[in-house]
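It should be emphasised that the depicted structure is a prediction, and the values quoted were computed from it without experimental measurement.
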Amino acid sequence: GVWRQTRALLFKNCLIKCRTKKSSVQEVLFPLFFLFWLILMSMMHPHRKYDEEHNTDLGPLETSVLMNFVIGYTPPTPLAREIMKKVAFDNFDDGLITEEYLSEEELEEASFLKPSNFVGVVFKDSLSYQLRFHDSIAMSSIYTESR
């Protein structure tokens, strides 16, 4: 029955392995060689661990770069208005130009019309936002999970 067929198949495989010693050795040595190669590569390029940076004073913000700068934001909620007012007037004497848009589509259209000096801010909720530049989207790094 089954035991007899299993024993015959095992015997057949042993005969094949004994007759083809070169390929049998290769079947064992190639994985060991690749494992050694991976270990060697990981030792040559170890993981770098960076120390944390302490808080330092970066000095005053140079506001001349941000002259004629427009920040558009959406959706126009009271919280978003308050945040944008704080951004515009707390750090700048003259204030930045802020524009509110009703939808992301209007914000994107405005970014195409004024690509050099326009940044869009899309508030997702009270703690997260996306920055929209003319040709890309930048995610906020605060309160986000691992990517």
Side-chain angles (χ1 to χ4, degrees), residues 1-66 68-84 86-88 90-92 96 98-147:
V2 176
W3 172 246
R4 190 180 209 174
Q5 288 177 348
T6 306
R7 195 173 53 185
L9 185 61
L10 184 62
F11 182 69
K12 176 186 151 198
N13 287 340
C14 286
L15 282 176
I16 290 172
K17 292 294 179 190
C18 290
R19 290 180 184 162
T20 57
K21 289 182 179 152
K22 183 178 176 182
S23 65
S24 298
V25 169
Q26 288 176 348
E27 285 179 10
V28 172
L29 291 182
F30 275 148
L32 292 175
F33 170 73
F34 288 125
L35 180 65
F36 171 74
W37 185 255
L38 284 173
I39 291 171
L40 181 67
M41 292 301 287
S42 69
M43 289 172 56
M44 287 175 58
H45 301 285
H47 295 291
R48 292 190 180 129
K49 195 166 191 173
Y50 296 101
D51 294 332
E52 69 180 51
E53 290 292 323
H54 299 289
N55 291 338
T56 57
D57 184 21
L58 298 176
L61 179 65
E62 187 176 332
T63 58
S64 63
V65 177
L66 300 176
N68 301 325
F69 207 72
V70 178
I71 301 176
Y73 64 94
T74 189
T77 61
L79 180 62
R81 285 187 187 107
E82 183 182 331
I83 290 171
M84 295 311 292
K86 227 178 210 329
V87 167
D90 283 1
N91 298 318
F92 303 97
L96 290 175
T98 59
E99 298 175 354
E100 63 181 45
Y101 295 94
L102 297 176
S103 66
E104 289 187 47
E105 290 78 22
E106 288 182 20
L107 184 74
E108 287 178 17
E109 287 176 19
S111 73
F112 286 123
L113 296 175
K114 322 171 207 182
S116 62
N117 61 346
F118 186 84
V119 173
V121 180
V122 179
F123 290 97
K124 297 297 180 185
D125 56 35
S126 62
L127 294 177
S128 65
Y129 60 91
Q130 283 184 331
L131 294 178
R132 301 271 175 115
F133 298 99
H134 174 63
D135 56 353
S136 65
I137 297 174
M139 299 289 290
S140 66
S141 61
I142 301 173
Y143 304 115
T144 58
E145 63 275 355
S146 176
R147 298 182 190 177

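With sequence neighbours left out, D125 forms a side chain to side chain donor-acceptor pair (under 3.5 Å) with S128. When the side chain to side chain donor-acceptor pair (under 3.5 Å) test is applied to E109, no partner is found at least two apart in sequence or on another chain. Among residues two or more places apart in sequence or in another chain, the side chain to side chain donor-acceptor pair (under 3.5 Å) test is passed with Q5 by none. Applying the side chain to side chain donor-acceptor pair (under 3.5 Å) test to K124 and every residue at least two apart in sequence or in another chain returns nothing. Applying the salt bridge (Lys or Arg N to Asp or Glu O under 4.0 Å) test to E106 and every residue at least two apart in sequence or in another chain returns nothing.
The minimum heavy-atom distance linking Y101 with A110 is given by the pair OH-CB, 3.3 Å. Minimum heavy-atom separation, P75 to F123: CD-O, 3.5 Å. Between V28 and L32, the shortest heavy-atom distance links the atoms O-CG, 3.5 Å. Closest non-hydrogen pair, Y73 versus L107, comes out as N-CD1, 4.0 Å.
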request  = Kindly indicate, with the supporting measurements, whether the criterion side chain to side chain contact (heavy atoms under 4.5 Å, CB included) is fulfilled by V121 and I71.
outcome  = CA-CA 7 Å; V121 180; I71 301 176; 3.9 Å; yes
request  = Report the C-alpha separation of M84 and E100 in whole Å, then their side-chain angles, then the decisive distance to 0.1 Å, and conclude whether the side chain to side chain contact (heavy atoms under 4.5 Å, CB included) test is met.
outcome  = CA-CA 9 Å; M84 295 311 292; E100 63 181 45; over 6 Å; no
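Annotation: side chain of V122 is in contact with side chain of R132 (closest heavy-atom distance under 4.5 Å).
Looking only at distances, no side-chain donor or acceptor of T20 sits under 3.5 Å from a matching main-chain atom of S23.
Counting only residues at least two apart or on different chains, no side-chain hydrogen bond (donor to acceptor under 3.5 Å, both in side chains) pair has a member in residues 33-46.
If you take OG1 on T74 and CD on E99, they are separated by 12.5 Å, rounding to the nearest 0.5 Å. Distance check: L29 CG to L35 CG gives 12.5 Å after rounding to the nearest 0.5 Å. In this structure, the separation between OG1 on T98 and CD1 on I83 is 12.5 Å, given to the nearest 0.5 Å.
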